[in-house]
Amino acid sequence: MSSTTLPRSVILTGDRTTGPLHLGHYVGSLRNRVALQASHEQYVLLADAQALTDNSTNVAKVSRNVIEVALDNLAVGIEPNTTTICVQSALPALAELTLLYLNFVSVARLERNPTIKDEIQIRGFGRDIPAGFLCYPAAQTADITAFRATLVPVGADQIPIIEQTNEIVRRLNRLTGSELLLEASAMVPKIGRLPGVDGKSKMSKSQGNAVPLSASNSEIESAVLRMYTDPNHLRASDPGTVEGNVVFTYLDAFDPDVDAVAELKALYRRGGLGDLVLKRRLIAILQETIAPIRERRAELSRDPEFVMDVLRSGTAKAREVTRKTKEAVMEGLGMFRL
Ligand code: TRP
């Protein structure tokens with residue numbers, strides 16, 4: 001029997017560094033990252049270059065949040081000796097691969113990408129679409145292929161980006177007649193996007209409906225107290241609706257006691273359970289979830305040199321890995337090399 005172990009599949013996640021992460025990120029991705037790091041080779045890319053594609057007038061914000069997002073990852077339990085945390089803009093091979101890949105995708109195809117189409121609408125670019133923004137699927141292809149990642153945890157909205165990644169991969173493999181690059185699969189969390197505390201849309205800092213991972217107990221309390229429930233559930237004795245009731249959505253996401261939540265739902269439907277009782281339960285659970293994260297985050301932010309060291313060593317490792325892929329692509333394409 002061979003003593004060599006099979007290579008572990010590589011996971012790459014990216015966080016655009018536009019603001020500190022919140023409970024929505026925790027449920028949708030951070031929690032999974034922590035679970036996956038033991039069994040996979042994992043990279044967390046702080047995607048500041050991609051964040052610039054729709055924040056070009058706010059470079060300071062993007063830059064400042066590199067550290068904030070690093071702190072969030074470390075605070076939830078990402079182990080920097082196990083997971084490599086690295087900074088996108090400090091990885092020249094990603095920019096070089098992007099430039100190459102842009103020759104293997106048409107402007108029309110980029111414009112047809114459903115994610116890009118939606119995001120252009122949401123951002124209200126009109127005809128003034130930053131070229132970098134339109135082309136970010138090619139840049140993300142560079143990210144994914146450079147790390148040789150085959151598993152990419154993303155929200156469902158990012159699936160078309162991964163599909164386009166695989167198109168570019170297949171094109172280059174066909175062209176070079178080799179398995180130069182690997183196709184990747186999107187890992188979409190089973191639990192959907194966490195709604196904001198207003199219940200209106202997904203949790204987002206810009207909507208003012210987010211609970212940050214640094215929230216204090218009283219901030220958590222006031223966020224839950226103003227949470228949307230069932231507007232027709234006026235008295236505790238009234239039958240209430242569970243669907244679309246944000247407090248239940250959060251209990252489903254955070255309460256480890258699934259059976260107890262099922263009983264609470266039944267009682268709420270029948271009538272006899274007041275919103276406040278339910279909210280008190282959620283407040284306690286969220287406070288318990290956030291407290292260790294908040295404390296670890298505060299501790300780490302008092303040690304900026306440690307965080308900088310994590311970023312320096314993670315980025316140094318990533319620089320090697322991504323450079324090797326870039327070399328292989330240049331070689332595979334038969335480019336001139338000095
Ligand atoms: N586009 C991703 C998002 O908005 C962020 C991202 C950048 C990413 N590079 C990546 C995700 C590479 C996965 C892999 O969520």
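Order of appearance sets the numbers: ligands from 1, and atoms from 1 within every ligand. If you read the sequence from its start, that first residue is 1, and numbering goes on from there.
There is a side-chain donor-acceptor pair under 3.5 Å between T83 and Q37. Between the side chains of Y268 and N245, at least one donor-acceptor pair of N or O atoms lies under 3.5 Å. A donor-acceptor pair shorter than 3.5 Å can be found between the side chains of Q50 and Q140.
Using a 4.0 Å cut-off to heavy atoms of V152, the atoms of ligand 1 that qualify are 13 (C), 14 (C). Heavy-atom proximity to A47, at under 4.0 Å, picks out these atoms of ligand 1: 7 (C).
A salt bridge links R280 with E221: the closest approach of a Lys/Arg side-chain nitrogen to an acidic carboxylate oxygen falls below 4.0 angstrom.
Looking only at protein heavy atoms, the nearest one to atom 11 (C) of ligand 1 is G14 N, 3.4 Å. Scanning all protein heavy atoms for the shortest distance to atom 4 (O) of ligand 1 gives R16 NE, 3.3 Å. Shortest contact from atom 7 (C) of ligand 1 to any protein heavy atom: Q50 NE2, 3.2 Å. Annotation: atom 2 (C) of ligand 1 to nearest protein heavy atom, Q158 OE1, 3.4 Å.
Between D143 and ligand 1, at least one N/O pair is under 3.5 Å apart. Between Q88 and ligand 1, a contact under 3.5 Å exists for no N or O pair. Checking only distances, Q140 does come within under 3.5 Å of ligand 1, N or O to N or O.
Annotation: cation-pi pair R16/Y136 present, NZ/CZ under 6.0 Å from the ring centroid and within 45° of its normal.
Each of T18, T17, N55 was scored for a side chain to side chain donor-acceptor pair (under 3.5 Å) with K61, with one residue passing: N55.
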Kindly determine whether R323 and E320 satisfy salt bridge (charged side-chain N to carboxylate O under 4.0 Å, His left out), including the steps that lead there. CA-CA 5 Å; R323 190 187 56 79; E320 270 311 289; 3.1 Å; yes

